[in-house]
Amino acid sequence: MVAISLPDGSSRHYDGAVTAEQVAGDIGPGLAKAAIVARINGALVDLRLPIETDANLEIITRTSKEALEVLRHDCAHVLAEAAKELWPDLQVTIGPAIEDGFYYDFAKSEPFTPEDLVVLEKRMAEIVARDEAIERQVWARDKAIDYFKSIGEHYKAEIIEDLPEDEPITVYSQGDFVDLCRGPHLSSTGKLGDAFKLMSIAGAYWRGDHRNEMLQRIYGTCWRNKKELKAYLFRLEEAEKRDHRRLGREMDLFHFQEEAAGMPFWHPKGWTLYRLLQDYMRRRLDDAGYLEVRTPQLFDRKFWEMSGHWETFQEHMYTTEFEDRIFALKPMNCPGHVQIFKQGLKSYRDLPLRMAEFGSCHRLEPSGALHGLMRVRAFTQDDAHIFCTVEQISSEGKLFCGLLQAVYKDLGFAEVVVKFADRPPVRVGADEIWDRAEAALLEATEAAGLEYTLNPGEGAFYGPKLEFVLRDAIGRDWQCGTLQVDFNLPDRLEASYIGDDSARHQPVMLHRAILGSFERFIGVMIEHYAGRLPFWLSPVQVVLATITNDADEYANLVAARMKAAGLRVEVDLRNEKIGYKVREHSLAKVPVIAAVGQREREENTVALRRLGDKGQKVSGLDDAIAALSAEGAIPGGS
RNA sequence: GCCGGCGUAGCUCAGGGGUAGAGCAACUGAUUCGUAAUCAGUAGGUCAGAGGUUCAAUUCCUCUCGCCGGCACCA
């Protein structure tokens, strides 16, 4: 007897082994049809896997969340089958489900073309229409290796060779296509449906290692139904509209050009935004007891050898040579800050010493890594180093987490995820110091009320770190802030302080940044807000648009008063219709358009139109100015 | 850096071995208008750069640079 317990608490009994497919059929034909896979005792398995002992069973249907991953994985297999049919000489490798879809990596001598995607997609639809049964088999290791070698699938054979000895080799077949796979899979290709689409062709290294050969990756997306697919494609279009590179041009914030690849040119409006953010950060840091400094851009190579950066990052540093010496543009600020710390003798009474710099850095990033403001070669960090004792790590960490949360909140990011990265296998420092540092950092995180996930073994070689990840308005994650504990650099650069025991001690250095870099953070903000920045950060807060020339004088007067109240105002006196002006300034994402005509002039009012609103609100001039300047106040003020 | 794609006016894009075209923007003029495009006219280009093939190259080929999609990298 096999007893199958179902999620509703009921159970069914069978004389012998049974499959989830049979159980679903017994419950009802509708369920059998909708079934995708089964969850047996917590693990997802094929519908046709025999259940031989008592078990908890849940039928996963198309509508359930877990179905998506299976559908996507199956879609990858159908893609592989289609590719194999169309190009029998290519080799298949791996093809997992990923967020929003799947990919499959192929080894093929000729590159795929965009037209190939169309042909592949058509063939995939045919395979779905064939409704081929998908069958699972367990093979002996040697047999599997021999088989895949015999059909010329050397990558597959390599994967099997590297699988742990005790891992069962499961092989799935659909039609003539046989693939090594852990599963689970649908019971037949017909269940895949038609809500999939091939998206792009890309290159990818075999096993993710740049020393290996490049494979050709095809990305696709797959959903439970056409409606979801359509919604996803729409979402992509919307995301494209908020691309900071596009908005940067449309809003006239910045540009790039090839003579300075990866180094932004900030236009007046973009620089206004940059300055507003910097002023805000500067005040936040002042209030939090940081001391701002400025260090040189160019250092003798020997300096970077001492700090240890030359050895690792030489290739990624800009250098120049004169008087037989090599100099490098600073790629980071830490060693410079240590030099300031080392000036004069420091006492334990000086600690914690919080040293901040809006440090301009240059890194020779690989050409393929550049991406708008998100990855640049010239950038400015909101960098600071806290020199403190081991005992102070916790309290300083907590203070920092609090500051970071306040800043993110002011900048409009409510969701912050924290990753705690602890000691890596290769590291410096005694284990007992690591114990204390990790404990202190964790304590600080918890005390700050931040939720965190563990990132085991991912800490820096010199100490544990926290990574702060922002979630933006459309659900994308951006790692911006960081807090790193460093035992190494103070040692290498011989920083010390005199303790209360009159002996020399080595300070701990906390590296920390909130924005990460101004450039990248501004990029993230532009995308988060889709260009519609908060009022206090808008480069132009109000445009005064006249309806006819009769109102020119009044418009200038209103603008002057608004400017006097600290608002950033532009005047549009052009001889254009108000509808035209509204459209233009709306597209430029100006938050408030103040229209003035004869009526406003006579009544001493302004007609305020908010970006995105349909109508406008007429208010008295004094009220409007008072309200707008209150709204424009920089948050977090003391 | 690697794989693939792309590079034509400020922007979005069409074209194609016989030295270029549209819409929007710009400029000029008319219009003075009440909330997301007023009308007309004018001007605008070493077709990314350098070589090569050809009687002739923006078009075909090679290289370089840049950008885009990924991968790798990210102190």
Side-chain angles (χ1 to χ4, degrees), chain A residues 103 105-106 108 110-114 116 199-219 240 243 245-246 249-250 252 255-262 304 307-317 330-335 361 363-372 374-377 379 381 383 460-462 465 479 482 484 486 488-489 511 516-517 520 545-552 573-588 593-600 607-618:
Chain A
Y103 67 77
D105 286 349
F106 300 97
K108 179 171 174 287
E110 291 296 308
F112 283 116
T113 66
D116 291 341
M199 303 297 287
S200 60
I201 307 158
Y205 295 107
W206 166 235
R207 298 197 146 169
D209 189 328
H210 69 278
R211 289 164 302 191
N212 290 342
E213 60 273 32
M214 266 259 157
L215 304 173
Q216 293 189 63
R217 175 171 297 180
I218 294 180
Y219 281 97
E240 206 183 308
D243 188 314
R245 292 166 298 187
R246 169 178 169 152
R249 189 184 56 241
E250 287 174 2
D252 195 16
H255 85 272
F256 290 92
Q257 63 186 54
E258 48 175 288
E259 291 82 357
W304 302 112
S307 72
H309 292 98
W310 187 260
E311 197 188 340
T312 323
F313 296 111
Q314 185 182 346
E315 306 265 283
H316 300 286
M317 288 164 74
K330 68 171 172 183
M332 42 142 50
N333 310 296
C334 341
C361 295
R363 294 181 185 175
L364 217 169
E365 301 288 1
S367 55
L370 301 181
H371 181 94
M374 301 306 192
R375 190 83 180 267
V376 285
R377 287 177 173 158
F379 57 96
Q381 296 176 320
D383 202 6
F461 72 92
Y462 48 73
K465 65 178 179 187
Q479 203 233 298
T482 183
Q484 305 173 9
D486 185 356
N488 182 46
L489 205 58
H511 305 250
S517 92
R520 189 173 125 97
T546 49
I547 289 165
T548 68
N549 290 154
D550 294 344
D552 286 3
L573 303 180
R574 291 174 305 167
N575 175 15
E576 295 289 352
K577 289 186 174 172
I578 190 65
Y580 179 85
K581 293 184 185 183
V582 165
R583 176 181 156 82
E584 195 163 275
H585 301 303
S586 298
L587 289 173
I593 298 169
V596 289
Q598 205 173 352
R599 218 151 57 211
E600 286 74 19
L608 299 184
R609 184 192 173 97
R610 294 281 170 169
L611 179 57
D613 282 2
K614 287 262 186 284
Q616 53 278 335
K617 211 176 110 194
V618 178

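Nothing here was measured: the structure is a model prediction, and the numbers come from that model. Proteins come first, then strands; the chains are lettered A, B, ... in the order of their sequence lines, and each starts at number 1.
The separation of G7(B) from A75(B), taken at their C1' atoms, amounts to 34 Å, rounded to a whole angstrom. Rounded to whole Å, the P atom of A22(B) lies 15 Å from the corresponding atom of G15(B). Between C63(B) and C2(B), the two P atoms lie 12 Å apart (nearest whole Å). The separation of A9(B) from G49(B), taken at their P atoms, amounts to 10 Å, rounded to a whole angstrom. To the nearest whole angstrom, the two C1' atoms, one in C24(B) and one in C60(B), are 33 Å apart. Spacing of C1' atoms, G29(B) relative to G45(B), comes out at 26 Å, to the nearest Å. Atom P of A20(B) sits at a distance of 10 Å from the matching atom of C47(B), rounded to the whole Å.
When all heavy atoms are compared, the tightest approach of Ala595(A) to Ile578(A) is CB-CD1, 4.0 Å. Closest of all the heavy-atom pairs between Gly372(A) and Phe256(A) is O-CZ, 3.4 Å. Asp116(A) and Pro111(A) get closest at one heavy-atom pair: OD2-O, 4.1 Å. Of all heavy-atom pairs spanning Gln381(A) and Met332(A), the tightest one is OE1-CA, 4.4 Å. Residues Ile593(A) and Ala545(A) approach most closely at CG2-CB, 4.2 Å, considering heavy atoms.
Rounded to whole angstrom, the span from the CD atom of Gln314(A) across to the C1' atom of G1(B) amounts to 16 Å. Atom CG of Leu215(A) and atom P of C2(B) are 17 Å apart (whole Å). In this structure, Asp243(A) atom CG and U12(B) atom P are separated by 12 Å, rounded to whole Å. For the pair Ile578(A) CD1 and U32(B) P, the interatomic distance rounds to 17 Å; values are reported in whole Å. Straight-line distance from the CZ atom of Phe256(A) to the P atom of G66(B): 14 Å, rounded to whole Å. One interatomic measurement links the two molecules: CZ of Phe112(A) to P of G4(B), which rounds to 13 Å at whole-angstrom precision. U38(B) atom P lies 11 Å from atom CZ of Arg574(A), rounded to whole Å. The separation between Tyr103(A) atom OH and G69(B) atom P is 19 Å, rounded to whole Å.
Here Asp486(A) pairs with Tyr462(A), Asn488(A), Leu489(A), Pro490(A), Met509(A), His511(A) under the side-chain contact (heavy atoms from CB on, under 4.5 Å) rule; sequence neighbours left out. Legend: residues meeting side-chain contact (heavy atoms from CB on, under 4.5 Å) with His210(A), ordered by chain and number and at least two apart, are Tyr205(A).
Within the 3.5 Å criterion, the main-chain N or O of Pro331(A) finds a donor-acceptor partner in the side chain of Arg363(A). With Arg246(A) contributing its side chain and Glu250(A) its backbone, the two residues share no donor-acceptor pair below 3.5 Å. Without hydrogens or angle criteria, Arg377(A) side chain to Glu365(A) main chain gives a donor-acceptor distance under 3.5 Å. Between the Glu600(A) side chain and the Gly597(A) main chain, a donor and an acceptor come within less than 3.5 Å of each other. Judged by distance alone, with hydrogens and angles left aside, the side-chain atoms of Gln216(A) form a donor-acceptor pair with the main-chain N or O of Glu110(A) at under 3.5 Å. Checked by atom type and distance alone, the side chain of Thr546(A) never pairs as donor or acceptor with a backbone atom of Asn549(A) at under 3.5 Å.
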Distances for protein N or O near nucleotides 44-49 of chain B N or O, under 3.5 Å:
none

Please list, pair by pair, any protein nitrogen or oxygen found under 3.5 Å from a nitrogen or oxygen in nucleotides 27-30 of chain B.
none

Query raised in the report: What string of B, S and - do you get for nucleotides 70-75 of chain B 5' to 3' if you count protein non-hydrogen atoms under 4.0 Å?
Result: BBBBBB
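For the atom pair Asp552(A) CG and Ile547(A) CD1, the distance stands at 12.0 Å (nearest 0.5 Å).
Within 4.0 Å (heavy atoms only), Glu259(A) reaches no atom of the nucleic acid at all. Counting non-hydrogen atoms under 4.0 angstrom, Ser367(A) reaches a base of the nucleic acid. No contact: Gln381(A) has no heavy atom under 4.0 Å from any strand. Here Ile593(A) lies out of heavy-atom contact (under 4.0 Å) with every strand. Ala460(A) comes within 4.0 angstrom of nothing in the nucleic acid, heavy atoms only. Within the nucleic acid shown, Lys581(A) has no heavy atom closer than 4.0 Å to any nucleic acid atom. If you check every strand for non-hydrogen atoms under 4.0 Å, Arg245(A) touches sugar and phosphate atoms only.
For Arg246(A), no side-chain nitrogen or oxygen approaches OP1 or OP2 of U12(B) to under 4.0 Å. When the side-chain nitrogen and oxygen atoms of Tyr580(A) are compared with OP1 and OP2 of C39(B), none of them lie within a distance under 4.0 Å.
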Report summary line: Writing each nucleotide of RNA chain B 5' to 3' as (, ), [, ], | or . by Watson-Crick or G-U pairing under 3.5 Å yields (((((((..((((....[..)))).(((((.......))))).....(((((..]....))))))))))))....
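Where Gln216(A) and Arg583(A) meet RNA chain B, the nucleotide closest to each residue was compared, and Gln216(A) sits on the side nearer the 5' end. In terms of position on RNA chain B, the residue among Gly262(A) and Arg609(A) whose nearest nucleotide sits closer to the 5' end is Arg609(A).
Ion pairing between Arg211(A) and Asp209(A) holds under the 4.0 Å rule for side-chain N and carboxylate O.
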